[in-house]
Amino acid sequence: QKKEKYEDGVKWRILEHNGPYFPPEYQPLPDNVNFYYNGEKVKLSLAAEEPALFFAQMLDHEYTTKKVFRDNFFTDWREEMSHKERTLIKDLDKCDFTEIHAMHKAKVEARKNLSKEEKLALKEANQKIVDEYGYCLLDRHKERIGNFKIEPPGLFRGRGEHPKQGMLKKRIQPEDIIINCSKESSIPVPPSGHKWKEVRHDNTVTWLASWTENIQGSIKYIMLNANSKLKGEKDWEKYEVARKLKDFVDNIRKQYMTDLGSREMKKRQGAVALYFIDKLALRAGNEKEEGESADTVGCCSLRIEHITLHKQLDDKEYVVEFDFLGKDSIRYYNKVPVIKKVFKNLKLFMKNKQTGDELFDRLSTISLNKHLSSLMPGLTAKVFRTYNASITLQQQLKELSNKSDNEAEKILSYNRANRAVAVLCNHQRAPPKTFEQSMANLQAKIDARKEQLAEAKAQFKEAKKEVKSRGDSDPNVLEKKQAAVARCKEQLLKMEVQATDKEENKQIALGTSKLNYLDPRISVAWCKNMEVPVEKIYNKTQRDKFAWAIDMTEADFVF
DNA sequence: GACTCCACTTAGAAGAGCAAAG
DNA sequence: CTTTGCTCTTCTAAGTGGAGTC
């Protein structure tokens, strides 16, 4: 259906933009705000002062209590110091940032308390920046850029036990930036007095600008927003590949079941890994460089300490207990009954190994993906996550929702289906800090509404009695009373549904699956079938991103 | 195959904005 | 009008997987 517009690999013909937006220069501390070392006031050089501010700004954060963070910060900070400062400042514990910290908090507070007019002025200034830098021209379409602002300097905030947390993230200069645009287009002008590192015209990639970041040495890109045509088409393709898996999955499953008994060790490991990826929606688990990031794993990089085998657990046989840290150091904990063949294989894979050894020592994501792509063009490990997420949503929606339900109930069903996927994919969030309180508040509101309902009912009854006894009273009054009861009931139900939803959602993040794993056409079709406006399940951003699906999907769409 | 580099998607946290409650 | 609580948006880290090289 989608036409191949360009020859292989070409992403655009014309790409024109104004280059990235740079964060403001560092503003030196005012004279009345001081840094102290060992109780003595010390005037820092500008180069050393800026990192001191970064640290002071984070003083309320748990990061600054962690040894690794403090050590990394201190090492990098000392690099920025003058010789004299370095000689003096030798112990972070003797550094006193309280005045800088207080200044920062006051600034935040002041920003919050700006007048309406000042806030509006700020907003307008911001909009001007967006207008100038936030859009580009790609093949005659004006497109929103996703991240047109260069990341400001600061202290690196890695997730989990990151060995590099606290390191100084350096300020990016135009001299670090590679610009990508079409040859004929007007080339973005660097900030005055500066030059770009390079200007290139590579239409086989989609980025507009890039730079190399100093913590891991990886490349960062400026790219289009998710609502752009380019990203939308890619998204559509992703779901089409996942849909294609539907036609292959039965055979693939049969095959890995057979492979569980293969004579070849590598084949058996591949079969077990695929069993996990398919059944549990685990990530592939690429190799990682040790010491460069937190110790996290995916399927292929599982180590034997990450699973425990239980021949019998509670009333179940052959249970595998998973306990490991996945992407973003989110814990994956799950007890899963598996088939006997998988269990026996795992036992064998673990034999003669010790803590730290890989479970699948003959396997890599590369070989696994090679195998997968031989089974179906375009198939890789992550396609299973997309496929299983989307098919689960579709099946759950079918199971949970009724056309006769009211809107609130329908939306609850949708959220529950969404939640089933989020659980499958292990998308978690920290429970909101105010959770307990706001839950209690909601309960109080429900109780109040219950009383109100009782009152409304009593009044209705009273009115009825009056009509009966006198017969002449205004029938409108009776109708009104009845309507009040109905309204009350509906509101109560709505609140109760809301409470259920909230409780079940405490630690689950729905957004990630909604945005990245669930074919939007399933949701759009569901909305059409259930007569629920699409705005009820997708906010503005989501509707923009999924515009392609909202446009093309009919009620009879099947994933 | 192992190693490196690169480009792109996926991820939760934090910050901003906004609406309802007080 | 101010405060509170929630949703939406922004931010950027952390994954996946392809390609090139040896």
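Residue numbers start from 1 in every chain, and the chains themselves are labelled A, B, ... in the order their sequence lines are given, proteins ahead of strands.
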*Considering only B:dT10, B:dC8, B:dG12, which nucleotide approaches the side chain of A:Tyr221 most closely?*
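Selected nucleotide (nearest to the side chain): B:dC8.
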Using the 3.5 Å cut-off, write out each protein N or O paired with an N or O of nucleotides 20-22 of chain B and the distance between them.
none

*Hey, does the side chain of A:Asp323 reach the backbone of A:Ile307 with a donor-acceptor pair shorter than 3.5 angstrom?*
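No, because the side chain of A:Asp323 does not come within donor-acceptor range (under 3.5 Å) of the backbone of A:Ile307.
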Distance below 4.0 Å between [X] side-chain N/O and [N] OP1 or OP2:
{"X": "A:Ser329", "N": "C:dA14", "result": "no"}
{"X": "A:Lys238", "N": "B:dT10", "result": "yes"}
{"X": "A:Asn286", "N": "C:dT16", "result": "yes"}
{"X": "A:Lys382", "N": "B:dT10", "result": "yes"}
{"X": "A:Lys370", "N": "C:dG17", "result": "no"}
{"X": "A:Lys514", "N": "C:dT7", "result": "no"}
{"X": "A:His61", "N": "B:dA14", "result": "yes"}

*Looking only at N and O atoms, is any donor in the side chain of A:Lys220 or the base of C:dT12 less than 3.5 Å from an acceptor on the other one?*
no
*From the options A:Glu287, A:Arg283, A:Arg303, select the one residue that forms a side-chain contact (heavy atoms from CB on, under 4.5 Å) with A:Val297.*
A:Arg303
*For A:Ser218, answer base if it contacts any base atom (sugar-phosphate contacts may also be present), sugar-phosphate if it contacts only those atoms, and nothing otherwise; contact means non-hydrogen atoms under 4.0 Å.*
nothing
*Sidechain N-carboxylate O distance under 4.0 Å for A:Glu50, A:Arg171*: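 Salt bridge present between A:Glu50 and A:Arg171.
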